[in-house]
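Heavy-atom basis, side chains included; hydrogens, waters and symmetry copies ignored.
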Protein chains: 2
Amino acid sequence: MIDQTDFKILSLLCGNSRLQWREIGEQVHLTGQAVANRIRRMEELGIIEGYTLRLNERKLGKAMTAFVTVFMKTVDHPAFHQFITEKEAVVEANRISGEGCYLLKVTVSGQDELSLFLDEILKYGNYRVNLSIGKLK
Amino acid sequence: MIDQTDFKILSLLCGNSRLQWREIGEQVHLTGQAVANRIRRMEELGIIEGYTLRLNERKLGKAMTAFVTVFMKTVDHPAFHQFITEKEAVVEANRISGEGCYLLKVTVSGQDELSLFLDEILKYGNYRVNLSIGKLK
DNA sequence: ATGTTTACTTTCATGGCGAAAGGAAAATAA
DNA sequence: TTATTTTCCTTTCGCCATGAAAGTAAACAT
């Protein structure tokens, strides 16, 4: 299905998706065209879902990252899903097992914006917040 | 520093960083070259840190995502940092405030790999695991 | 009024990308 | 064993994207 060369190509593209096919080809000992064929195939298989940026959120004014565990009090999960989807500050959201119903990763400009966000969460349930003190990885 | 046009460009590139400068220009009413100039400037400012892929981890055999909160029992944090950095299964790691010391996002192929990983964590401290049941965002 | 700075548009050269053809090896079928 | 098909590479080609630079106009400073 997908071999070691494909994994190597993925690894290189994750590092820099604007690498030229020729440059990748040099690393995996193929021509650029052969690399292009493999990349297209992984796109078609859905392994590569898209191409995006790595942004420095801090330099965009999002100085604070918080992890918010939500304990739902309502059964209207679809409304919560919609709220989460529309909320730009929520960069990632997972439904989780164990303690809590959802885990949200939130980036905000400061305490004020976080506070406002948490107030909005109260409509759906209670929450626990952990602030990111630093990002290791 | 960075205006609404820049934010629009970032938004478009986050959606698809292989968009052509001309295509982005059409959206923000500039020529492709003007867009290219702005993108380069945001790279130089460090706002754009790089270009990468959106991968389907599930199709890469990483069928399970878990959030692991680590409660350190040792003060040798650097060793833990090193372990985390080298561990491919750890896709994201933050030092956190409140309950727990670190929050790790981990992708694994199944319970066995998760189990092994958690055994390794025990060298540094205790843990709490929440499995992702589904990803909203 | 003049000079400088900023940021755009236009122009140009290079080469990247996408598609297709050709070829070789491996796999499959007869 | 031979013939055919399939797979995946390399090579080729045409189009146009990218990077760089020149020209221009508006805003700003003196």
Over how many whole Å does the gap from [X] atom [atom1] to [N] atom [atom2] extend?
{"X": "B:R38", "N": "C:dT9", "atom1": "CZ", "atom2": "C1'", "answer": "14 Å"}
{"X": "A:I24", "N": "C:dG16", "atom1": "CD1", "atom2": "P", "answer": "12 Å"}
{"X": "B:E23", "N": "D:dT18", "atom1": "CD", "atom2": "C1'", "answer": "14 Å"}
{"X": "A:H29", "N": "D:dC8", "atom1": "NE2", "atom2": "C1'", "answer": "17 Å"}
{"X": "B:Q33", "N": "C:dC12", "atom1": "CD", "atom2": "P", "answer": "14 Å"}
{"X": "A:L30", "N": "C:dC17", "atom1": "CG", "atom2": "P", "answer": "15 Å"}
{"X": "A:I9", "N": "D:dC9", "atom1": "CD1", "atom2": "P", "answer": "8 Å"}
{"X": "B:E44", "N": "C:dT6", "atom1": "CD", "atom2": "P", "answer": "14 Å"}

*Hey, what's the ring geometry for A:H77 with A:H81, parallel, tilted or perpendicular (30° and 60° as the breaks)?*
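Rings of A:H77 and A:H81: perpendicular, as their planes differ by over 60°.
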Could you check whether atom [atom1] of [X] has more than 12 heavy atoms from other residues, nucleotides or ligands sitting under 6.0 Å from it?
{"X": "B:Q82", "atom1": "CD", "result": "no"}
{"X": "B:E23", "atom1": "CD", "result": "yes"}
{"X": "A:R128", "atom1": "CZ", "result": "yes"}

Below the 4.0 Å mark, does [N] have OP1 or OP2 next to a side-chain nitrogen or oxygen of [X]?
{"X": "B:Q20", "N": "D:dA17", "result": "yes"}
{"X": "B:R22", "N": "D:dC16", "result": "no"}
{"X": "B:R18", "N": "C:dG18", "result": "yes"}

Assert: residue with more 5' nearest nucleotide on DNA chain D, out of B:W21 and A:N37, is A:N37
